[in-house]
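Treat the numbers as computed from the prediction; the structure is a model and nothing was measured. The chain is numbered in sequence order, starting from 1.
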Amino acid sequence: MVKRKRHLTLCLFILWGTGVALFAQEERPQTIALQFSVLPLGKGNFHKIKVESEPGLVTELSFSNLNRSETINYHGPNPIRFFREKPAPTESDPKATKRVVVATYDLSERWDDALLMFKSLPTKNEQKHEFTVLGIDDSPGSFPRGSIIAINATNIQLIARMGKERLVIPPGPSPAFSFLPYHEDPLLISIATDSKDGPKLLFENSLTFAPDSRVLLIMKPPRKKGSLLLKVYSISEIVDEVITTETPSKAEP
């Protein structure tokens with residue numbers, strides 16, 4: 001289990017450009033024991049979403065735009081089903097409810113810790129669910145201190161350069177990238193997308209991260225339709241408080 005003491009949240013703004021997480025395929029576990037936290041990606045109705053965390057125990061999820069939720073201990077069937085309870089009164093039980101599934105998450109590997117990120121789906125979709133869920137292995141071995149995982153919450157492929165490393169980031173999470181070789185100086189992060197005229201720079205800025213932190217770099221679609229602004233949040237885990245700042249991109253439109 002990852003011990004969390006402080007969250008540092010940095011909010012950045014970059015330009016809008018053009019982009020399903022790939023998970024290693026192993027034997028799929030039928031029953032799982034998992035500690036997970038949740039995080040919303042973009043807009044959506046995140047109220048009163050619940051999970052049967054243990055047989056007979058229903059837990060309501062708590063979502064925050066800038067922080068992970070508290071850890072939930074789950075022991076039950078795979079996939080995990082997230083639901084809302086709707087009134088379904090009967091003559092014998094006027095207070096009866098039914099469960100309406102809003103999302104599922106199928107764990108293809110045996111993880112001990114996970115971060116599950118909820119992204120709203122279009123009203124009409126094949127699963128008829130409200131959300132798709134992206135997950136990362138949140139254990140210290142897979143997401144260690146001194147590393148960044150980029151979360152592309154757009155529907156387009158992005159290209160990032162962090163220091164000397166080049167990453168192609170399709171929609172979903174990237175592999176963990178170590179920033180420790182750069183921690184003594186600001187880390188130059190550039191984000192671009194391919195266009196018919198070649199790569200188009202969308203964001204560029206130098207950021208500094210504490211060597212004992214690990215960082216989620218979350219890239220979200222713009223709030224307004226037709227806007228050129230893509231929102232990027234950096235959430236760093238350190239020791240005991242939350243600090244939020246905003247930094248504009250230095251990339252030119």
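In this structure a side-chain-to-backbone donor-acceptor pair under 3.5 Å is present from Ser69 to Val38. Judged purely by atom type and a 3.5 angstrom limit, Tyr182 uses its side chain to pair as donor or acceptor with the backbone of Lys164. Side chain of Thr71 to backbone of Gln35: no donor-acceptor contact under 3.5 angstrom is found. Side chain of Ser142 to backbone of Ser139: no donor-acceptor contact under 3.5 angstrom is found. Distance alone, capped at 3.5 Å, is enough to place a donor-acceptor pair between the Asn152 side chain and the Ile169 backbone.
The distance from the CD1 atom of Ile189 to the CD atom of Glu165 is 12.5 Å, given to the nearest 0.5 Å. To the nearest 0.5 angstrom, Asp138 atom CG is 7.5 Å from Ile149 atom CD1. Taken from OG in Ser37 to CG in Leu61, the straight-line distance is 10.5 Å, to the nearest 0.5 Å. Distance check: Lys86 NZ to Lys98 NZ gives 9.0 Å after rounding to the nearest 0.5 Å. To the nearest 0.5 Å, the span separating CZ on Arg161 from CD1 on Ile191 amounts to 13.0 Å. Distance OG/Ser108 to OH/Tyr105: 6.5 Å, rounded to 0.5 Å.
Across Asn155, Thr132, Thr154, a single residue satisfies side chain to side chain donor-acceptor pair (under 3.5 Å) together with Lys119, and that is Asn155. For the side chain to side chain contact (heavy atoms under 4.5 Å, CB included) with Leu134, the lone residue among Leu41, Leu39, Leu115 that qualifies is Leu41. Tested against Phe36, the residues Asp113, Asn73, Leu116 include a single side chain to side chain contact (heavy atoms under 4.5 Å, CB included) partner, Leu116.
More than 12 heavy-atom neighbours from other residues, nucleotides or ligands sit within 6.0 angstrom of CZ on Arg84. In the displayed structure, Glu70 atom CD is contacted under 6.0 Å by at most 12 heavy atoms of other residues, nucleotides or ligands.
Under the 4.5 Å side-chain criterion, counting only non-hydrogen atoms from C-beta, Ile49 is not in contact with Glu130. Within the 4.5 Å cutoff, the side chain of Leu34 has heavy atoms near those of the Ile80 side chain. Proximity of Asp106 to Asn78: side-chain heavy atoms (C-beta onward) are separated by under 4.5 Å at one or more points.
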Problem - side-chain contact (heavy atoms from CB on, under 4.5 Å) between Leu158 and Met219, intermediate numbers included - result: CA-CA 10 Å; Leu158 300 173; Met219 296 164 279; 3.5 Å; yes
Handout entry: Residue pair Leu216, Ile151: steps toward the side-chain contact (heavy atoms from CB on, under 4.5 Å) verdict
Key = CA-CA 7 Å; Leu216 286 170; Ile151 308 296; 4.2 Å; yes
Exercise for the section: Dump the intermediate steps for side-chain contact (heavy atoms from CB on, under 4.5 Å) on Arg99 and Val58, then the final yes or no. Expected result: CA-CA 11 Å; Arg99 295 178 178 181; Val58 173; 3.4 Å; yes
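In this structure, Asp194 and Pro199 approach most closely via the heavy-atom pair OD1-CG, 4.1 Å. Between Ser147 and Pro144, the shortest heavy-atom contact is OG-O, 2.5 Å. The nearest pair of heavy atoms linking Arg81 to Thr104 is CG-CG2, 3.9 Å. Across every non-hydrogen atom of Pro77 and Ile32, the tightest pair is O-CG1, 4.4 Å. Of all heavy-atom pairs between Asn45 and Phe131, the closest is O-CZ, 3.2 Å. Across all their heavy atoms, Phe209 and Ser234 have their closest contact at CE2-OG, 3.5 Å.
In summary, the side chains of Thr59 and Ser53 do present a donor paired with an acceptor at a separation below 3.5 Å, with no hydrogens or angles considered.
Sorted by first and then second residue, the ring-ring contact (aromatic ring centres under 6.0 Å, His included) pairs involving residues 140-165 (not counting sequence neighbours) form an empty list. The ring-ring contact (aromatic ring centres under 6.0 Å, His included) contacts involving residues 56-76 comprise Phe46-Phe63, Phe63-Phe118, where partners must be two or more places apart or lie in separate chains.
For Glu85, the salt bridge (charged side-chain N to carboxylate O under 4.0 Å, His left out) partners two or more places apart in sequence, or in a different chain, are Lys50.
Under a hydrophobic-cluster definition in which Ile, Leu, Val, Met, Phe, Trp and Tyr are linked whenever side-chain heavy atoms come within less than 4.5 Å, directly or via other members, Ile159 and Phe177 are assigned to different clusters. Residues Leu187 and Leu217 share a hydrophobic cluster, clusters being chains of Ile/Leu/Val/Met/Phe/Trp/Tyr side chains in contact below 4.5 Å.
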